[in-house]
There are 2 protein chains.
Amino acid sequence: MQNNLKMERARLKMTQADLAAKVGVSRQTINAIEQGKYGPSTILALRLSLVFDKSVNELFALDEDDLN
Amino acid sequence: MQNNLKMERARLKMTQADLAAKVGVSRQTINAIEQGKYGPSTILALRLSLVFDKSVNELFALDEDDLN
DNA sequence: TATAAATGTAAAGTTTATTTTACTTTTTGT
DNA sequence: ACAAAAAGTAAAATAAACTTTACATTTATA
């Protein structure tokens with residue numbers, strides 16, 4: 001799964017810690033997701049959607065591996 | 001977290017087993033999500049988004065409990 | 001260029017998502 | 001009404017998300 005978190009976060013000039021606090025997870029979780037180590041829960045994706053004012057589909061996309 | 005899976009699935013006249021097969025999870029997972037027992041991963045939410053041709057934000061919504 | 005802030009990373013632990021098996025209840029079709 | 005299909009449920013197991021602590025590296029700034 002791909003994502004624009006790093007870009008969107010830069011757009012809002014937020015640090016990983018800022019974002020983590022805003023969506024209620026640890027800084028490491030944000031970091032891991034940005035590094036593509038794993039994907040978020042849908043609840044977290046929706047919270048990020050709120051913060052960035054972008055749909056989950058705009059923030060996250062399936063890549064080849066995820067398409068079946 | 002709330003969702004319209006049951007509705008959307010009805011719209012496409014699919015059974016829980018059909019849907020499960022199409023998105024690559026077990027029938028019980030679809031059932032549990034429809035019953036609100038837990039939320040899906042973002043990967044699964046995106047796959048459901050594909051099947052129903054609806055955005056993740058249209059399919060799933062945060063409720064009071066999830067808003068902080 | 002030194003220091004602070006931000007980011008990356010890793011291991012061990014907890015919680016939540018998902019599977020499998022199996023059974024019960026409800027709905028649909030004849 | 002009966003049989004078959006679909007949906008609901010539950011327990012035990014595994015996998016994935018997330019936390020905490022701790023430290024190393026990179027980037028920004030005085």
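In the text below, chain A, chain B and the rest are named by the order of the sequence lines, each starting its count at 1.
- The residue B:S26 sits close to a base: some heavy atom pair falls under 4.0 Å.
- For the side chain to side chain contact (heavy atoms under 4.5 Å, CB included) test with B:R47, the passing option among B:V56, B:L19, B:V23, B:T42 is B:V23; the others fail.
- Between D:dG8 and B:K6, a contact under 4.0 Å exists linking OP1 or OP2 to a side-chain N or O.
- Counting to the nearest Å, the P atom of D:dA17 and the CZ atom of A:F60 are 12 Å from each other.
- Counting only distance, with no hydrogens or angles, the side chain of B:N3 and the backbone of B:I33 share a donor-acceptor pair below 3.5 Å.
- Between B:D65 atom CG and C:dT16 atom P the separation is 13 Å, expressed in whole Å.
- You'll find that the side chain of B:L44 is closest to C:dT18, out of C:dT18, D:dA10, D:dC18.
- The CD atom of B:Q35 sits 11 Å away from the P atom of D:dA7 (whole-angstrom rounding).
- With distances taken from any side-chain atom of A:V25 to the nucleotides D:dT19, D:dG8, C:dT18, the minimum falls on D:dT19.
- Listed nucleotides C:dA17, C:dC23, D:dA17 differ in distance to B:R27; the shortest reach to its side chain belongs to C:dC23.
- The listed nucleotides are D:dC18, D:dT9, C:dT19; the one nearest the side chain of A:I33 is D:dC18.
- One can place CD of B:E34 at 17 Å from P of C:dT26, the figure rounded to the nearest angstrom.
- As a whole-Å value, the separation of B:L48 CG from C:dT18 P is 10 Å.
- Candidate nucleotides D:dA22, D:dA7, C:dT18 were compared by shortest atom distance to the side chain of B:Q16, and D:dA7 ranks first.
- Mapping A:S41 and B:R9 onto DNA chain D by nearest heavy atom places B:R9 at the nucleotide closer to the 5' end.
- At the heavy-atom level, A:Q28 lies under 4.0 Å from base atoms of the strands shown.
- Checked by atom type and distance alone, the side chain of A:N31 never pairs as donor or acceptor with a backbone atom of A:Q28 at under 3.5 Å.
- The shortest non-hydrogen separation linking B:P40 to B:M1 is CD-CE, 3.7 Å.
- Residue B:T29 is classed as a base contact, given a heavy-atom separation below 4.0 Å to a base.
- Considering only side-chain N and O atoms, A:N31 lies under 4.0 angstrom from the phosphate OP1 or OP2 of C:dG8.
- The NZ atom of A:K37 sits 7 Å away from the C1' atom of C:dG8 (whole-angstrom rounding).
- Phosphate contact (OP1/OP2 of D:dA7, side-chain N/O of B:T15, threshold under 4.0 Å): present.
- A distance-only check finds no donor-acceptor pair linking the side chain of B:S41 to the backbone of A:S41 [under 3.5 Å].
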